[in-house]
Chemist: 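One structure, as structure tokens, below. Some questions next.
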There are 2 protein chains.
Amino acid sequence: MKKPIPDIVIGRLPVYLRALQHMMDAGRSVTSSQELGERLGISAAQIRKDLSQFGEFGKQGTGYTIEFLAQQIQAILKIEKVWEIALIGAGDMGNALAAYQGFNQRGFHISKIFDSDPNKIGKQIGDYKVLNIESMESEIKKANIKIAMLAVPASVAQEVTDKLVDAGIKAILNYAPVSINVPEGVRKQYIDPAVHLQRMSYYLK
Amino acid sequence: MKKPIPDIVIGRLPVYLRALQHMMDAGRSVTSSQELGERLGISAAQIRKDLSQFGEFGKQGTGYTIEFLAQQIQAILKIEKVWEIALIGAGDMGNALAAYQGFNQRGFHISKIFDSDPNKIGKQIGDYKVLNIESMESEIKKANIKIAMLAVPASVAQEVTDKLVDAGIKAILNYAPVSINVPEGVRKQYIDPAVHLQRMSYYLK
DNA sequence: TAGATTGTTAATCGATTAACAATC
DNA sequence: TAGATTGTTAATCGATTAACAATC
């Protein structure tokens, strides 16, 4: 078995991709590891090393064709197609996520929204009606959805997580301010603004 | 000069703290590096090593007093007092952040909200009126605010960042889907849901 | 050709883990 | 006392950087 690509390398690819897409939007067509590095605050050597894990995408003396490299990274990250996403929680954060316009161009699309609050169930959010969380497992299975965004209170996050795992979800973006446990083979990422702020306050005077 | 604490260690402290606070809420009073580690998916050795960078907070044979350890971490992270925060951008994400109830108990408080859209300026969000972004620099200086949350479109993120830096901001939590450049001495953290999702889609079949 | 930049190797640097004496 | 768990050291593991031959 080949050595797996380090998780930390995978973690940087979306950042490279985002920068490349901004460059494309600006009409640029070629870049270099040095330019990308300066833009992102990452060493040029690291960018070249990261990319070389997946193939040879550049040309000596010239650099990288932006569009080509972006396509390659999209293929690596498996976002050439669009992934359907289940959003759990139709509170303020759920609503903001539902309204977010950036997902579609970046490989994701919210296709179902669930909540347990009778006052929210049936409400229209964007293109979708809020569904009863009771139907979550069957709906996710039926639609074969693999990714969920969790925007529920911390107190029910683990319980909902367990149901998502039962429903076949393999990746959870957790907005609830609590650590969740998932079995092997299920990925998770956390977004907790207070945690991110606390990572900076340490350095303040 | 003493060796600085690694950034990666600082990054884990808020996660430890969050778990400790959940334990307190559950009425618990003592824990161990092993229990914490299992809960967080981190090795017990790493937790002990991380904490030992700052002092001796535990007791052999017993473990850690939850309340005491939480207080110590709060002191380390400088969140014993509450930091005032400027929120830039009163769109969907800005509104969700303004409504978020979790900040106050965790060391932060949104005290001013800015936008450039005439339709939003003057609107009431929570306890505050949306202020004109033109007044941002002077308002931030006047209130001596050091932390900003940036929830503006990518296209203006760098421009607004530069103004925030001029206003004396030392920490930026950036929700705009673009890398920003800041001078030495200013911290930044990124929250981009698409980036987080892309870090997981790689692993999906 | 001359200049630029890649991909890769080896060296360096840093983080994690295993193990255990100390001690509650 | 016996059992448990810390704080710390040394060993291991992994990530980053520097340097350069290859080559466009």
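The figures here come from the full heavy-atom set of this structure, side chains too, leaving out hydrogens, waters and symmetry mates. Lettering of chains follows the sequences in order, A, B, ..., and the numbering in each one begins at 1.
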Chemist: Check the distance between D:dG7's C1' and B:Glu56's CD and give it to me in whole angstrom.
Modeler: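 It works out to 6 Å between those atoms.
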
Chemist: A:Glu80: what forms a side-chain contact (heavy atoms from CB on, under 4.5 Å) with it, not counting sequence neighbours?
Modeler: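 side-chain contact (heavy atoms from CB on, under 4.5 Å) check on A:Glu80 returns A:Gln74, A:Ala75.
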
Chemist: Would you jot down, in residue-number order, the residues of residues 24-47 of chain B having a non-hydrogen atom under 4.0 Å from DNA chain C?
Modeler: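 Within residues 24-47 of chain B, the residues near DNA chain C are B:Ser43, B:Ala45, B:Gln46.
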
Chemist: Taking atom NZ as the centre, does B:Lys129 end up with more than 12 heavy-atom neighbours from other residues, nucleotides or ligands that are less than 6.0 angstrom away?
Modeler: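 Result for NZ/B:Lys129: open.
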
Chemist: Set out, line by line, the N/O atom pairs under 3.5 Å between protein and nucleotides 22-24 of chain C.
Modeler:
from, atom 1, to, atom 2, distance (Å)
C:dT23, O4', B:Gln60, NE2, 3.3
C:dC24, O4', B:Gln60, O, 3.3
C:dC24, O2, B:Gln60, O, 3.3

Chemist: If you check the B:Arg48 side chain, which of C:dA19, D:dT16, D:dC20 turns out closest?
Modeler: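 Closest nucleotide to the B:Arg48 side chain: C:dA19.
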
Chemist: Start with the C-alpha gap between B:Tyr202 and A:Asp7, add the side-chain angles, then the distance that decides, and say whether side chain to side chain donor-acceptor pair (under 3.5 Å) holds.
Modeler: CA-CA 10 Å; B:Tyr202 169 81; A:Asp7 198 54; over 6 Å; no

Chemist: So, using salt bridge (Lys or Arg N to Asp or Glu O under 4.0 Å) as the criterion, who are the partners of A:Arg39 when residues are at least two apart?
Modeler: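 Counting only residues at least two positions away or on another chain, A:Arg39 forms no salt bridge (Lys or Arg N to Asp or Glu O under 4.0 Å).
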
Chemist: Tell me which nucleotide among D:dT8, C:dT8, D:dA15 gets nearest to the side chain of A:Pro6.
Modeler: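 Closest nucleotide to the A:Pro6 side chain: D:dA15.
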
Chemist: Tell me, which stems hold DNA chain D, with a stem being 3 or more Watson-Crick or G-U pairs in a row and both distances under 3.5 Å?
Modeler: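 Stem segments, range with range: C:3-24 with D:3-24.
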
Chemist: Which residue pairs pass the salt bridge (Lys or Arg N to Asp or Glu O under 4.0 Å) test with at least one member in residues 42-63 of chain A, sequence neighbours excluded?
Modeler: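 Checked against salt bridge (Lys or Arg N to Asp or Glu O under 4.0 Å) - neighbours excluded - the pairs reaching residues 42-63 of chain A are A:Arg12-A:Asp50.
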
Chemist: Hey, is CD on B:Glu67 packed in by over 12 heavy atoms from elsewhere, all under 6.0 Å?
Modeler: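 Not more than 12 within 6.0 Å, no.
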
